[in-house]
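Accompanying notes for the structure given below.
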Amino acid sequence: MAEQATIVPTDRDILIVTDVQYDFLPGGALAVAGGDAIIEPINRLAGAFRHVLLTQDWHPPGHASFASTHPGRKPFETVELSYGTQVLWPDHCVQGTRGAEFSADLRIPHAQLVIRKGYDPAIDSYSGFLEADRKTATGLAGYLKERGFERVFCTGLATDFCVAWTALDARAAGFDTYVIEDACRAIDTHGSLERALHDLKKAGVHLIDSTQIVAA
Ligand code: VGL
Ligand code: ZN
């Protein structure tokens with residue numbers, strides 16, 4: 001059950017829009033079912049937040065997370081990499097390609113920062129904060145702290161990977177963290193959505209609905 005109270009964003013709040021890129025939208029290389037349905041809620045939310053940042057999945061060709069990089073392996077299988085188990089994906093969000101571009105339907109001209117992630121050929125990064133080795137920082141926690149943000153509101157694709165990992169790391173970095181569920185869609189492979197929702201609740205991340213966010 002989503003928590004019900006109304007939230008009016010202030011200067012201490014920032015909206016994170018995760019990976020709303022063509023490869024994760026219908027017709028894309030790693031299309032998330034219903035991914036296009038979140039664009040209007042995100043546009044409405046963005047209008048209620050003075051501060052917004054975007055993350056952008058941004059892989060070099062031959063990235064370690066691509067099944068095509070591992071002979072004989074297929075997308076959605078897993079492999080063991082130096083930092084642990086990695087789900088293998090179709091080639092997606094290759095740097096400089098159309099699939100890596102943000103949807104042109106997003107209306108967020110006031111977005112203040114774009115965090116690119118997954119650019120190390122050997123390390124994936126679902127989270128906007130920490131790469132999959134769980135050691136290499138993107139700098140986002142420092143940025144948010146230096147600017148005095150206290151609450152982080154997470155939206156985008158996909159709920160069970162990049163949104164969940166970003167929200168969990170935001171919480172671990174000390175931010176009061178919200179996932180706006182109807183402004184996200186999941187990939188849901190091998191029980192990943194159920195696991196992600198469990199982990200988010202356990203970590204104290206608030207799960208809310210976009211209608212709870214009201215412009216000042
Ligand atoms: C994502 C799988 C691989 C995501 C990115 O944005 O959730 N998922 N790369
Ligand atoms: Zn990726």
Side-chain angles (χ1 to χ4, degrees), residues 15-39 42 53-70 73-79 81 83-103 106 111 114-134 136 138 140 152 154-170 177 179-197 199-200 205:
L15 181 70
I16 299 185
V17 179
T18 293
D19 299 3
V20 183
Q21 296 165 259
Y22 285 117
D23 271 342
F24 297 121
L25 292 168
L30 179 43
V32 180
D36 47 348
I38 70 173
I39 293 178
I42 287 174
L53 73 89
L54 312 176
T55 71
Q56 188 171 28
D57 214 38
W58 196 248
H59 301 305
H63 190 252
S65 76
F66 296 170
S68 64
T69 301
H70 305 269
R73 309 308 302 271
K74 293 196 199 60
F76 306 102
E77 294 178 0
T78 58
V79 283
L81 297 183
Y83 51 79
T85 304
Q86 171 70 47
V87 180
L88 294 176
W89 306 106
D91 291 25
H92 65 279
C93 297
V94 174
Q95 295 168 0
T97 64
R98 168 165 168 95
E101 287 174 20
F102 292 119
S103 169
L106 286 175
V114 175
I115 284 278
R116 287 175 166 171
K117 60 185 179 61
Y119 43 72
D120 186 320
I123 310 176
D124 206 0
S125 190
Y126 297 141
S127 164
F129 289 86
L130 273 186
E131 296 187 4
D133 62 359
R134 311 308 295 144
T136 309
T138 65
L140 181 55
V152 165
C154 301
T155 65
L157 303 169
T159 317
D160 41 346
F161 288 94
C162 292
V163 175
W165 286 52
T166 295
L168 289 168
D169 284 350
T177 304
V179 169
I180 306 175
E181 280 194 277
D182 59 313
C184 305
R185 288 292 184 280
I187 294 172
D188 202 9
T189 176
H190 304 297
S192 54
L193 178 58
E194 193 181 64
R195 198 157 54 243
L197 292 173
D199 291 347
L200 289 165
V205 172

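We're numbering straight along the sequence, starting at 1. Remember, it's 1-based here, ligands and their atoms both numbered in the order they're listed.
- What you find for K74 and A67 is that their closest heavy atoms are C-CB, 3.6 Å.
- Considering only heavy atoms from C-beta on, T155 stays 4.5 Å or farther from I38 through its side chain.
- No other N/O/S atom of D57 lies as close to the Zn ion (ligand 2) as OD2 does.
- Contact between H92 and ligand 1 is present, with at least one heavy atom of the residue lying under 4.0 Å from the ligand.
- At a cut-off of 2.8 Å, C93 does not coordinate the Zn ion (ligand 2) through any N, O or S atom.
- Short contacts between ligand 1 and F161, defined as distances under 4.0 Å to a heavy atom of the residue, involve ligand atoms 7 (O), 8 (N).
- Less than 4.0 angstrom separates some heavy atom of L157 from each of these atoms of ligand 1: 4 (C), 6 (O), 7 (O).
- Put simply, the side chain of Q95 gets close to the backbone of W58: a donor and an acceptor are under 3.5 Å apart.
- For the Zn ion (ligand 2), the nearest N, O or S atom contributed by H59 is named NE2.
- Residues Q21 and D57 have side chains that never bring a donor and an acceptor to within less than 3.5 angstrom of each other.
- In terms of modelled atom types and a separation under 3.5 Å, the side chain of D160 and the main chain of I187 share a donor-acceptor contact.
- Ligand 1 has no N or O atom lying under 3.5 Å from any N or O atom of Y126, backbone or side chain.
- Y83 contributes a side-chain N or O that, together with a main-chain N or O of D124, makes up a donor-acceptor pair within less than 3.5 Å.
- The N, O or S atom of H92 with the smallest distance to the Zn ion (ligand 2) is NE2.
- Summarising the local packing, CD of E77 is surrounded by more than 12 heavy atoms from other residues, nucleotides or ligands at distances under 6.0 Å.
- If you check which protein heavy atom lies closest to atom 2 (C) of ligand 1, you get W89 CE2, 3.4 Å.
- Within the listing of ligand 1, atoms 8 (N) sit less than 4.0 angstrom from a heavy atom of I187.
- Taking a 4.0 Å cut-off on heavy atoms, D160 fails to register as neighbouring ligand 1.
- Using modelled atom types, one side-chain atom of H63 and one backbone atom of I123 make a donor-acceptor pair closer than 3.5 Å.
- Distance from atom 6 (O) of ligand 1 to its nearest protein heavy atom, with residue and atom name: D19 OD2, 2.7 Å.
- Considering backbone and side-chain N/O atoms, L30 never comes within less than 3.5 Å of an N/O atom of ligand 1.
- Closest to atom 4 (C) of ligand 1 by heavy atom, among S65, A186, C162, G128, is C162.
- Distance CG/L30 to CZ/F66: 9.5 Å, rounded to 0.5 Å.
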